[in-house]
Number of protein chains: 2
Amino acid sequence: MATPAATPASSRREQILAVAAQLFARHGFHGVSIADLGAAVGISGPALYRHFPGKEALLSELLVGISEHLLAGGQARAARTEDPHELLAALVEFHADFAHREPELIVVQDRDLANLPAPDRRTVRRLQRTYVEIWVDALQRAHPGLPVDAARTAAHGTFGLLNSTPHAGRSPEAAALLRRMALASLRSLS
Amino acid sequence: MATPAATPASSRREQILAVAAQLFARHGFHGVSIADLGAAVGISGPALYRHFPGKEALLSELLVGISEHLLAGGQARAARTEDPHELLAALVEFHADFAHREPELIVVQDRDLANLPAPDRRTVRRLQRTYVEIWVDALQRAHPGLPVDAARTAAHGTFGLLNSTPHAGRSPEAAALLRRMALASLRSLS
DNA sequence: CGAGCCTGTTAGCGGGCGTTAACCGGTGGT
DNA sequence: ACCACCGGTTAACGCCCGCTAACAGGCTCG
């Protein structure tokens, strides 16, 4: 169903994860069967259980991985950058870069959160919340007097803007454009 | 499962559609059963077939309705407003207003498009494309020399920003903030 | 050589869900 | 008074899907 020889060098596990990301992004978690996933990597059906305990575990690993990656990147930037405006620019670039390189993950991320088993969902939400707080903090330092709610709204809005990559071309110019728009919108917080 | 006496004055049909929007937004199309939908309006299970030919028909009506509404609103503004900057402001306000009033529809719109039966999906996509073209046209007139692809990317980015309402508070200030950010990001197209 | 794990296979079970069938009370028009 | 339709009900069918069971081939290591 998807290109079989897509991922160049990867163990079965990673290959399955990659193909799952694509299929989940295209058809949604419930729109993809175990058999579909197997077929997409050239094995068939229940062989997946040799690598993952179940279908939900696939989704968990994808979503936890994404939110951990974002949080780690955000924390790294926050640690190494003092000036809040500079930090915001770094955050925008980091997030835009991720969204540009992995549009399928972006799609799965906020489409299928609800399909996670409850404990993993809590984990992901906690990671996401922490990531958002990095942005909120930077925004409030960059724009003194900005209320928390406003900062949170602005952060989510910026994510929405940058996460529009699935609807945009994959060209570097598109990514650059979105970065510029994001920075401009953040500057407008006065 | 949802508040039963929610919609004040409405025929069964509209009540079902409203509740379907909420449930689809919360759990995804495949995550909601016919029985769930029935229960949420106080009837049980197959009684829905007295009002709709099937589950997919519900989704179709929702999504076609949304895209028709957006297109109609966009066309109305485009018809009555000459100046492209003024038009963009009107479009931003219109879109922001819709996203702010119907966050569930926003969610369903781009989450469950793939679950539409093919003909309706084509219909919705055509309507969406036409709506986007209104924005693209206004953007190109407002920013001479802006390439089409860039305009399209900018339009989708702005949608992403404005459509972040499901993650934002429902306060009017949040909506106003998103509008301001959108306008600022559009101005940055130089 | 042989034991055992690793990674596949196919067959089958069980549950859930969309949909259809068959039935029924109330209401409004002739 | 009756008939027909409208909007419900419950029962049942059939499919699809996640998952388990049972089995098999090849690789490695003692």
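Just so you know, these numbers use all the heavy atoms, side chains as well, and skip hydrogens, waters and symmetry mates. In what follows, chains carry the letters A, B, and so on, assigned in the order in which the sequence lines appear, proteins first and then strands, with residues in each chain numbered from 1. These numbers were taken from a predicted model, which means no experiment stands behind them.
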Could you state the [atom1]-[atom2] distance from [X] to [N], rounded to the nearest angstrom?
X: N115(B); N: dC17(C); atom1: CG; atom2: C1'; answer: 15 Å
X: I34(A); N: dT10(C); atom1: CD1; atom2: C1'; answer: 16 Å
X: F52(B); N: dG18(C); atom1: CZ; atom2: P; answer: 15 Å
X: K55(B); N: dC17(C); atom1: NZ; atom2: P; answer: 9 Å
X: L59(A); N: dG18(D); atom1: CG; atom2: P; answer: 13 Å
X: H30(A); N: dG18(C); atom1: NE2; atom2: P; answer: 11 Å
X: L48(B); N: dT20(C); atom1: CG; atom2: P; answer: 13 Å
X: Y49(A); N: dC5(C); atom1: OH; atom2: C1'; answer: 22 Å

Q140(A): partners by side chain to side chain contact (heavy atoms under 4.5 Å, CB included), with sequence neighbours left out: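 For Q140(A), the residues satisfying side chain to side chain contact (heavy atoms under 4.5 Å, CB included) (neighbours in sequence not counted) are V136(A), V148(A), A151(A).
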
Under the side chain to side chain contact (heavy atoms under 4.5 Å, CB included) test, residues paired with T153(B) that sit two or more places apart: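 Once residues adjacent in sequence are excluded, the partners of T153(B) under the side chain to side chain contact (heavy atoms under 4.5 Å, CB included) criterion are A168(A), A174(A), L177(A), L178(A).
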
Aromatic ring proximity, centroids under 6.0 angstrom, H69(A) and F94(A):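 Yes: the rings meet the under 6.0 Å criterion.
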
Flag, side chain of R111(B) to backbone of R111(A), donor-acceptor distance under 3.5 Å: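 Confirmed, R111(B) side chain pairs with R111(A) backbone.
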
Every protein N/O lying under 3.5 Å from an N/O of nucleotides 8-11 of chain D:
residue, atom, partner, partner atom, Å
dG8(D), OP1, R12(B), NH1, 2.7
dG8(D), OP2, H51(B), NE2, 2.9
dG8(D), N7, R50(B), NE, 2.9
dG8(D), O6, R50(B), NE, 3.4
dG8(D), O6, R50(B), NH2, 2.1
dT9(D), OP1, S44(B), N, 3.2
dT9(D), OP2, S44(B), N, 3.1
dT9(D), OP2, S44(B), O, 3.2

Ring geometry between H30(B) and H30(A) (parallel below 30°, tilted from 30 to 60°, perpendicular above 60°):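 The rings of H30(A) and H30(B) sit tilted, inter-plane angle from 30° to 60°.
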
Flag for H95(A)-N163(A): side-chain donor and acceptor within less than 3.5 Å: yes

